[in-house]
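Below: one structure, written as structure tokens.
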Amino acid sequence: MARAQTVSVDELKSIAKRIRRHIVQMTANANSGHPGGSLSSVEIATSLYFRVLRYDPQNPLWPDRDRFIVSKGHATPMVYSTMAEAGYFPVEDLMTFRKLGGKLQGHTIMQKPPGVEMSAGALGMGLSFSLGHALAGRLDGRDYHVFCLLSDGDCQEGQTWEAAMASAHHRAENLIAIVDRNHIQNDGFSDYQRFPDGNGSRPQRPGGWVLKDGHTANIMNLEPLEDKWKAFGWSTQHIDGHDFEAIIRALEAAKTHTGGPSVVVCETIKGKGVSFMENNPDFHGKAPSPEQLEQALKELAD
Amino acid sequence: MARAQTVSVDELKSIAKRIRRHIVQMTANANSGHPGGSLSSVEIATSLYFRVLRYDPQNPLWPDRDRFIVSKGHATPMVYSTMAEAGYFPVEDLMTFRKLGGKLQGHTIMQKPPGVEMSAGALGMGLSFSLGHALAGRLDGRDYHVFCLLSDGDCQEGQTWEAAMASAHHRAENLIAIVDRNHIQNDGFSDYQRFPDGNGSRPQRPGGWVLKDGHTANIMNLEPLEDKWKAFGWSTQHIDGHDFEAIIRALEAAKTHTGGPSVVVCETIKGKGVSFMENNPDFHGKAPSPEQLEQALKELAD
Amino acid sequence: MVRTARSEATRTALGPTLVRLCREGLDIVCIDADLGYSTSAVKFGQEFPERFFPVGVAEQNMIGVSAGLAACGKIAFCSSFAVFAPGHCFDQLRMAVGQPQTNVKLVASHGGVVTGEDGASAEAIEDLALMLSIPTFRVIFPADVVEAEQAIETAARTEGPFYMRTLRPKTPVIYDDSGYRFQLGRWDRLRDGSDVTLIACGELVKAALDAAEILAGEGIATRVLNASSLRPIDREALLGAARETGAIVTAEDHFVHGGLSGLVAETLAEENPVPLAFIGMRDRYGTSGTWEELLEYFGLTPQAIAEAARGVMSRKSQ
Amino acid sequence: MVRTARSEATRTALGPTLVRLCREGLDIVCIDADLGYSTSAVKFGQEFPERFFPVGVAEQNMIGVSAGLAACGKIAFCSSFAVFAPGHCFDQLRMAVGQPQTNVKLVASHGGVVTGEDGASAEAIEDLALMLSIPTFRVIFPADVVEAEQAIETAARTEGPFYMRTLRPKTPVIYDDSGYRFQLGRWDRLRDGSDVTLIACGELVKAALDAAEILAGEGIATRVLNASSLRPIDREALLGAARETGAIVTAEDHFVHGGLSGLVAETLAEENPVPLAFIGMRDRYGTSGTWEELLEYFGLTPQAIAEAARGVMSRKSQ
Ligand SMILES: Cc1ncc(C[n+]2csc(CCOP(=O)(O)OP(=O)(O)O)c2C)c(N)n1
Ligand SMILES: Cc1ncc(C[n+]2csc(CCOP(=O)(O)OP(=O)(O)O)c2C)c(N)n1
Ligand SMILES: [Mg+2]
Ligand SMILES: [Mg+2]
């Protein structure tokens, strides 16, 4: 199968909802996992698998496939759910997630199941790996594109900037980075942009501060993020990462960009689609309880 | 001693010449070492030790001293020569350089001899270490400044960008980076800017190419380098790294800059001052032969 | 031997202990690479915000910044997961801490396969080998939360580089109300015996104690040593065990090569080569599962230790 | 035993061998972190510019890019100095190469204290321990340039991760015209004897041969094994040596812990614990000096090996 160009935005929305239901169900079932950053990237992944990517779930190693390389390897609920919906394996397998002997490991493992491009779980490694794929494609005269999904945390690891510099240097025009910019990471808020300062009592100090609940505000400000990519030689776009039309438009534009790599910074909401998870650092790496699952599924019903 | 404000530019020039002579002599004597990147940073180091830094060679660990932290730890000929001239230890010790049991090791070792701030030799580590000093100064209410010397190669290591991001995030206004931008690294030319394309026969391809003599052209282009620092939240200056007045002016300006860290990108010539070493990748890590030493000393005579 | 029913994750000791020590006047700072919520370091940040430095997800920078602070006289504690520090910043640990011996203490949680559900990438089973290859680092792997707290205090009060591994899950507390005091270079003899010695570290100390219980039922008198201090090792206890029991089993949630087993094998080979058996990880990585399942799955159990003890005893020279 | 007077740096084997293999049709690419001039990788870049990818001074990226190329079917060779790779990119080696077993070959030069004048920071004496803690890596440390070339070919023709350590100085060639063929998991028996075995790797193989010569003068029949294949080890040769000679000395330009000595000690402890003595680095780092001076200074010499052999023989059980 090449990409399913015919899928409408309405259909994409309903697929995305199904994927979100999978995400909350499989993490609840595993009683662990990372729903927050999975939910924030659902529109990105859905757009890719149902509108942008060229691939064949029956032939996951097809050399001419477009690559979707997920650097934020903890976002397995998103990865596996989308792949199941795209036909790589049965949806039932999602319930083996994180189980001993199960097919779906906590963090991604390269080609397990086939179609997962990269072993990840350590942040910062995806863009280098993607550049390798991009250079191989050029060397072999193949016309595939390489899409690399990065998180806030990925953009704090130096390796990402090593790879960014090298990608521009090698004019890897078949390489496209996508930043899932949800402004929340493990310890809390990356910056003050999405930080709801309930009491407003503490000054916005550089270096941030630790909140009463143990989360941190302003862990590491990435702004001006687009300027960073530009200065590293990338063509940039900055969009709403939950707007299908914007995502598809940006990715198609990136594909036609020549002379160097390009990045799409997607503003997203961590935990998107589930009211009590939205913009809540608690659900970076915590599964919903049975009651919370029920509530989430209610909110995500068709 | 606080800094010797009274040293004139003419005197600085003559000190710099002495330091250059030490550099070629000690590497020739050791029959190894790194003259190229030592010679390119002589004006920077001389300006620091004889006009800008606050220090006491009798009390190298004085808590209120300004720090000069050399990330490019292979540039020991410059480090030791300048320290000897500044009174940290006798000039004669320079001849123990790189000898078994000698006081002066091939790459810097922290406080060996006292006054050397950092163990280095692995690129990319200096800015993080400098940020630590800067944060400690603020925490302890000390008014010292931290100057960190970086090379082309330092700016290619991801750790430098991690540290750059964190320095801006913590608004380390007592931190000043200096880039010795000589456009040559181990394998050859960083980019095409200083590359003398003798035959001009090969196209300027991205990713560079290996020359007949084994050196590489266009290893990793850092440009636009100032934009990178700006996008990472730094105040920037861009100067001629062999112009004493420009260096001193820039460093003093950087010291008074508030709100965040600042960087001075110094355009320099690798091997500066010795005709056959200038802009010649051969002398990154090679000592002059006895004949070459003689020639060099002739060129560097007062 | 003191055993209680209480369970507690050793990682929870970090933040509260640092708060206490800083209140007592130690010049502690804490550098955090976006895992302070998980390593409990944020507890220190809540009390001492001006001494708490987040650096984002950037382990290399974390070590460098820590070394710089240490060079200015601070006691620099940093923390992360044991796969990322040392793994992601080994050269920085070597160059900025190990060689110049700056006063940096790395406390890395989520060691071992017991990290569990995240799977292979998250389960550090080489961190001790890495840290033992920097000779200036003291390396500690406490058996429980009580010992963890004591070891953190020792690290804070002892000049120079320290690495300490803590764990994610709630593991049994061994030293509650025991009056035990952790000492660098001392392996606590939790049980005495002269037929065979079990030397374990971390959560497998409890497994070794349980194995000794099994063996006791078979009339085998088993010595159990808690090798929490991996560098310095307790040469006296080790050589004594070899001499007096003639056969040793090591047990660690870590690769056999380069870990506790390696230390024991290397030391005895030059001094008194007795038969050894190693319970640990060998040629493969971990996988997803609950921590108890994984201990079973990889044979890091009292039963496996007991079986190894029987085997190694049969190889004793008469 | 074949010995010649020729000396050659093992690092010089890389570039020319890759050129030859690529000409023979192997789908080789080369990724370089600004040390190709020193590792000889640039020789490949001269012949195959479109297959040569400089990434600047960025070892982490070098490994990641290599893994990506390998995932697309390339045989990805990358090189650096042994302090920087693995040291500066351990986690990348673990995650992008070791766990998924991508077809990446890391050839790191400037191993050991023999790196010389640059001093402690530049002398890799922990690289083997690091690489041995990634179980899917084959780990090779050739004894001379002839073996280095053969090992590079083996790595290129064998699917999966390889680490190979080469050296800066010109060290004696052992295998000139010897008809020797390097084989994974085989330790070449360079000399036979039944009183004691010397197991060495890298440039210390020559020192072991010289030690055997010294010992021969004392009537001691010495077996010498070249342990160039550190993973897989040659269990048969090792167990045979223990059984038939009853005493073993290892020699390596590397820390004893976690290196060849560790491998030998761990293996024998579980199988046949005989007295061992280790010639290698222990609790301190290297320093500046010429490579020959440093071998002397750190006791990595034929004399020290011979002395250790006498000592270990005296500890044999009768
Ligand atoms: C190298 C590395 N250091 C630390 C971690 C631990 N960790 C797991 S997720 C995470 C942060 C998650 O936030 P972000 O990167 O923004 O991901 P997202 O919000 O998209 O889920 C951290 C620090 C890691 N996975 N890798
Ligand atoms: C982490 C690391 N990788 C590789 C090296 C090997 N190396 C030594 S110097 C050098 C490049 C030197 O060029 P540059 O950094 O521009 O220094 P300068 O020109 O100022 O001497 C390299 C790659 C190193 N020192 N550190
Ligand atoms: Mg995020
Ligand atoms: Mg340079």
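Numbers restart at 1 for each chain; the letters A, B, ... are given by sequence-line order, proteins then strands. Computation of the quantities below employed the complete heavy-atom set of this structure, encompassing side-chain atoms and omitting hydrogens, waters and symmetry-equivalent molecules.
- When heavy atoms are compared at a cutoff of 4.5 Å, B:Ile109 does not approach chain C at all.
- Interface remark: B:Arg67 contributes side-chain atoms only to the contact with chain C (heavy atom separation under 4.5 Å).
- In this structure, the portion of B:Ala120 lying under 4.5 Å from any heavy atom of chain C is its backbone and not its side chain.
- Considering only heavy-atom pairs separated by less than 4.5 Å from chain C, the leading option among B:Gln159, B:Met110, B:His169 is B:Gln159.
- Only one option out of B:Cys155, B:Ser71, B:Cys148 pairs with B:Leu127 in a side chain to side chain contact (heavy atoms under 4.5 Å, CB included); it is B:Cys148.
- Of the listed residues (C:Leu69, C:Ile63, C:Asn61, C:Val65), the greatest number of heavy-atom pairs within a distance under 4.5 Å of chain B belongs to C:Asn61.
- Under the 6.0 Å distance and 45° angle rule, C:Arg51 does not count as a cation-pi partner of C:Phe44.
- Side-chain atoms of C:Asp127 and C:Tyr163 form a donor-acceptor pair, as typed in the model, at a separation below 3.5 Å.
- Between C:Phe84 and C:His88, the ring-plane angle classifies as perpendicular under the 30° and 60° cut-offs.
- For the residue pair C:Thr39 / C:Ser79, a side-chain donor-acceptor distance below 3.5 Å is found, with atom types taken as modelled.
- Within the 4.5 angstrom heavy-atom criterion, only side-chain atoms of C:Thr102, from C-beta onward, approach chain B.
- Heavy-atom distances place the side chain of B:His170, and not its backbone, under 4.5 Å from chain C.
- In the model, B:Gln105 has no side-chain atom that pairs as donor or acceptor with a side-chain atom of B:Thr76 under 3.5 Å.
- Put simply, of C:Ala71, C:Cys89, C:Ala76, the one with the most heavy-atom pairs under 4.5 Å next to chain B is C:Ala71.
- Ranking B:Thr160, B:Ile69, B:Leu139 against chain C, the residue ahead of the rest is B:Leu139, based on heavy-atom pairs under 4.5 Å.
- Of the N and O atoms on the side chains of B:Thr236 and B:Glu226, at least one donor lies less than 3.5 Å from an acceptor on the other residue.
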